[in-house]
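What's counted below: heavy atoms across the whole structure, side chains too, no hydrogens, waters or symmetry copies. Below, chain A is the first sequence line, B the second, and so on; all start at residue 1.
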Amino acid sequence: MINISNLIKRKEYIGSSKDLYQRLLDHLKGRDSNIRLQRSIAKYGIESFIFVIYYWYKDPAVILTDIETEVIKSFPFEDLYNFKKEANSSLGYKHTIKAIRKMKLRLKDKTKHPMYGKKHSIFALGKISKPGVKNPMFNKKHTIETKKKMSLAKSKTPLALYNKNNNLIKTFTNQVELAQYLNISKSTIGRYLKSGNILLDKFIIRKFKE
DNA sequence: TACGAATAAAATTCAGACGG
DNA sequence: CCGTCTGAATTTTATTCGTA
């Protein structure tokens with residue numbers, strides 16, 4: 001529950017939001033704000049305004065708009081910038097299938113994406129940063145499928161196993177796979193691949209090109 | 001000196017926040 | 001919605017280290 005007041009005109013704007021900072025930013029940047037408030041800011045300057053928090057709840061079960069309506073009622077309506085006596089919110093609104101389809105279509109050309117080629121602000125980066133226990137992956141395990149994907153993506157040097165007479169025995173996607181096949185340490189595989197020496201007096205390992 | 005274990009480095013997926 | 005981001009988890013590959 002917030003209030004932005006103009007000290008000179010003695011007028012107030014009452015608002016509420018799930019994300020206080022985000023909503024305040026809307027008003028400060030003049031996007032999706034209240035037009036009366038915006039005009040007044042333009043006229044008197046932002047330094048004529050003060051910002052007050054009336055109520056602060058972390059519990060999502062608290063219906064902020066109900067409280068907001070009560071607060072609005074407690075002021076003479078003509079002393080407010082607000083247009084509506086009843087507060088409402090789009091919290092929990094779901095896009096229609098049509099709207100989603102439209103968005104998808106527009107974004108098919110990825111240069112059309114609002115973020116295309118842009119950099120995030122320092123502030124946004126700070127919000128995104130989640131070190132330690134705050135990280136969504138903290139203390140979680142990757143699934144077998146995920147591990148497989150990672151393995152596949154990382155294995156870009158296929159290897160071929162030859163015998164002493166240069167006959168191809170088998171090909172492998174990476175060193176680990178070959179190590180398992182021979183039941184030998186992967187360190188050894190890497191070493192012999194690099195040196196080109198004969199392994200166990202039997203095998204030669206080379207990079208495989210098809 | 002040769003091996004495997006341990007560790008480091010680089011690269012990748014994942015889940016989640018941001019924001020037009 | 002989806003492109004821009006992050007850090008944890010995990011993998012492959014490269015390097016270091018102790019042991020016989």
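- Counting heavy atoms from C-beta outward, I205(A) and L161(A) have side chains that approach closer than 4.5 Å.
- Side-chain N/O atoms of K148(A) include none lying less than 4.0 angstrom from OP1 or OP2 on dT11(C).
- The side chain of Y192(A) contributes an N or O atom lying less than 4.0 Å from OP1 or OP2 of dC3(B).
- Between the CG atom of L152(A) and the C1' atom of dA11(B) there is a distance of 14 Å, given to the nearest Å.
- Here the side chains of N174(A) and S151(A) are in contact, with some heavy-atom distance below 4.5 Å.
- A donor-acceptor contact under 3.5 Å is not formed by the side chain of K140(A) with the base of dA15(B).
- Near DNA chain C, meaning a heavy atom under 4.0 Å away, the residues from residues 178-190 of chain A are K186(A).
- A 4.5 Å side-chain heavy-atom check between Q175(A) and T157(A) finds every atom pair outside the cut-off.
- Contact annotation: the side chain of L182(A) never approaches that of T188(A) to less than 4.5 Å [non-hydrogen atoms, C-beta and beyond].
- Look at K154(A) and you won't find any side-chain N or O under 4.0 angstrom from OP1 or OP2 of dT13(B).
- No side-chain donor-acceptor contact under 3.5 Å links N165(A) to the backbone of N167(A).
- Residue Q175(A) has a polar side-chain atom (N or O) positioned under 4.0 Å from OP1 or OP2 of dA14(C).
- Nearest to the side chain of K149(A), among dT12(C), dA8(C), dT13(B), sits dT13(B).
- Distances were taken from every side-chain heavy atom of R191(A) (C-beta onward) to each of dT16(C), dT13(C), dA9(C); the shortest belongs to dT16(C).
- Here the side chain of A153(A) is nearest to one of dT13(B), dA11(B), dA8(C), namely dT13(B).
- One atom, NE2 of H142(A), and another, P of dA9(C), lie 8 Å apart when rounded to the nearest Å.
- A straight line from CD1 of I144(A) to C1' of dT10(C) spans 13 Å, rounded to a whole angstrom.
- With sequence neighbours excluded, the residues that form a side chain to side chain donor-acceptor pair (under 3.5 Å) with E177(A) are T173(A).
- Comparing dT12(B), dT13(B), dT12(C) by their closest approach to the side chain of T146(A) singles out dT13(B).
- Inter-residue side-chain proximity for L159(A) and F208(A) is flagged as unmet; no heavy-atom pair is nearer than 4.5 Å.
- One interatomic measurement links the two molecules: CZ of F172(A) to C1' of dT11(C), which rounds to 19 Å at whole-angstrom precision.
- Atom-to-atom, CE of M150(A) to P of dG7(C) comes out at 16 Å; the value is rounded to the nearest Å.
- The CG atom of D201(A) sits 12 Å away from the P atom of dC3(B) (whole-angstrom rounding).
- Within the 4.5 Å cutoff, the side chain of Y192(A) has no heavy atoms near those of the I184(A) side chain.
- Rounded to an integer number of Å, the gap from CG of L193(A) to P of dA14(C) is 7 Å.
- Picking from dT12(B), dA9(C), dT11(C) the nucleotide with the shortest atom distance to the side chain of K147(A) gives dT11(C).
- Side chain of T157(A), nearest nucleotide from dT13(C), dC14(B), dT11(C): dT13(C).
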